[in-house]
Amino acid sequence: MKIISGPASKELAEKVSALTGYPNVPVAVKVFPDGESYVRLDGSVQGEEVAIVQTTCPPAQDGRLFQLAFMADAAKRGGAKKVTAVVPYLAYARQDKMFLSGEGISVETIARMLKAAGIDEFLTVNIHSENALKQFPFPAKTLSAIPLLAEYFVQKGHKGAFALSPDKGAMYIAKQAQAVLGGDVGHLDKVRDRYTGQTKQTAEGLNVKDQTVIILDDIISTGGTIVGAAKILREQGAKHVFCACVHGLLIGDAEKRIIDAGVEEIVGTDSVPGSVGKVSLAPLISQELKGAN
Ligand code: R5P
C-alpha cells in the first residue's frame, strides 16, 4: 500500500506513513487564478493499493472535497488497483436525512460523487451518524477516536473524571470515554430548533458538584453546545470543566467563548489541524490500514 498525502492532512498522512511503513506519495497542489484547484501525484501508484488521507474540514470544505475527488481520479488513471479514501472529518455528514421538506441528503450526494471519481473504499472517524454510511455506494467504516481523547486526560492526571455528553445522542461517546476514565457518566438534554439552529439544554437529575467533568462531543462547531453545557456545570458546582471533541471546527470566536464559559482546556484531534488538534489520529488510522493489508 502507498499513502497519498492530501494537502489538507499532509502531516497526518506523513505520520501514518511513518507508523505503517507504507511509502508516502506527495501531492503537488496549486490554485489557479480563478480559484480552481489542481493536484498532481508526485510518485508512481501503478499496480498499488493506495490510501488518500484528506480531511474535509472548514475552511474550504468544498475545495477539499474536490481535491479528494481529483486525487482519486489521478490515482485510478495512474494505475492504482484500489483507492481508499481516509477522510477524518467528512463535510456535510450532519445533513444525513431530510429534516425539512424540500431538502436533499447532502452526505449521500458527496459519497456518490466520490464513487464516480474512483474511490473504492471509505474510512472516516466518528462520523456524526453511523447510519449515513449504510447508504454509501462503497464499503465504508467509521473509527472512534474517543478512547485516544480520554487517554489524553488520563495522562494529564484526570483518571476518574466524569464523562458528560451534551445530549442524549452522544451518550455512546461519553460511555466510550468512561471505559477509559473509569468515573461516572451522564448527559444533558438538548433540543435544536430546525429553522433557527438555536439550542436549549437542560440537566435532569445530573449532579456533578465538586467533580472534574469532561464534556465530550463528536463536533464543536460554533461552540454553542459546549458553552451551554459549561454554564450548567459551573452552576452545579463542578470543580474543573474540560472539553474534548473529535472534530474541533471552532468556527469564529468559538474557542474564546468556550474558555470564557469556564472550560479549562479544549482538546481535539488532528482531523482538524490547528491549536486544539492535540491528539493525533495516526495510530488509529495506521492500525486500521495495517489490519486491512
Ligand atoms: C450535533 O448534534 C453535534 O453532535 C454537535 O453537538 C454540534 O455539531 C455542535 O455544534 P455547536 O458547536 O455549533 O453547538
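Counting starts at 1 for both ligands and their atoms, following the listed order. Since this is a predicted model, take the numbers as computed values, not measurements.
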- Task: Name the closest protein heavy atom to atom 1 (C) of ligand 1, giving the residue it belongs to and the distance to 0.1 Å.
- Result: His128 CE1, 3.5 Å
- In terms of residue, atom name and distance, what is the protein heavy atom nearest to atom 7 (C) of ligand 1? Ile219 O, 3.9 Å
- Among Val241, Asp184, Leu233, find the one that has a side-chain contact (heavy atoms from CB on, under 4.5 Å) with Gln211. Asp184
- Query: Polar-atom distance check: Gly223 versus ligand 1, any N or O pair below 3.5 Å?
  - Reply: yes
- Message: Counting only heavy atoms, tell me which of Ile251, Asp217, Leu249 gets closest to atom 5 (C) of ligand 1.
- Response: Asp217
- Give the residue, atom name and distance (to 0.1 Å) of the protein heavy atom nearest atom 8 (O) of ligand 1. Arg94 NH1, 3.0 Å
- Can any side-chain N or O of Thr56 pair as donor or acceptor with the backbone N or O of Ala91 at less than 3.5 Å? yes
- Determine the sole option in Leu206, Asp210, Val213 for which the side-chain contact (heavy atoms from CB on, under 4.5 Å) test with Gln236 is passed. Leu206
- Describe, in one word, how the ring planes of Phe153 and His158 are oriented to each other, choosing from parallel (under 30°), tilted (30 to 60°) and perpendicular (over 60°). tilted
- Where on Thr222 is there a heavy atom closer than 4.0 Å to ligand 1, on the side chain, on the backbone, on both, or on neither? both
- Task: Identify, by atom number and element, the atoms of ligand 1 in contact range of Asp218, meaning under 4.0 Å from any of its heavy atoms.
- Result: 3 (C), 4 (O), 5 (C)
- Task: Would you check, one step at a time, whether the test side chain to side chain donor-acceptor pair (under 3.5 Å) holds for Gln176 with Ser144?
- Result: CA-CA 9 Å; Gln176 286 178 8; Ser144 180; 2.5 Å; yes
- ligand 1 to Lys190, heavy atom cutoff 4.0 Å, flagged ligand atoms 1 (C), 2 (O), 6 (O)
- Looking only at protein heavy atoms, which one is nearest to atom 14 (O) of ligand 1, and how far off is it? Thr225 OG1, 2.5 Å
- Which atom pair, heavy atoms only, marks the closest approach of Cys57 to Tyr89? CA-CD2, 3.4 Å
- Item | Over 12 foreign heavy atoms within 6.0 Å of NZ, Lys175 | no
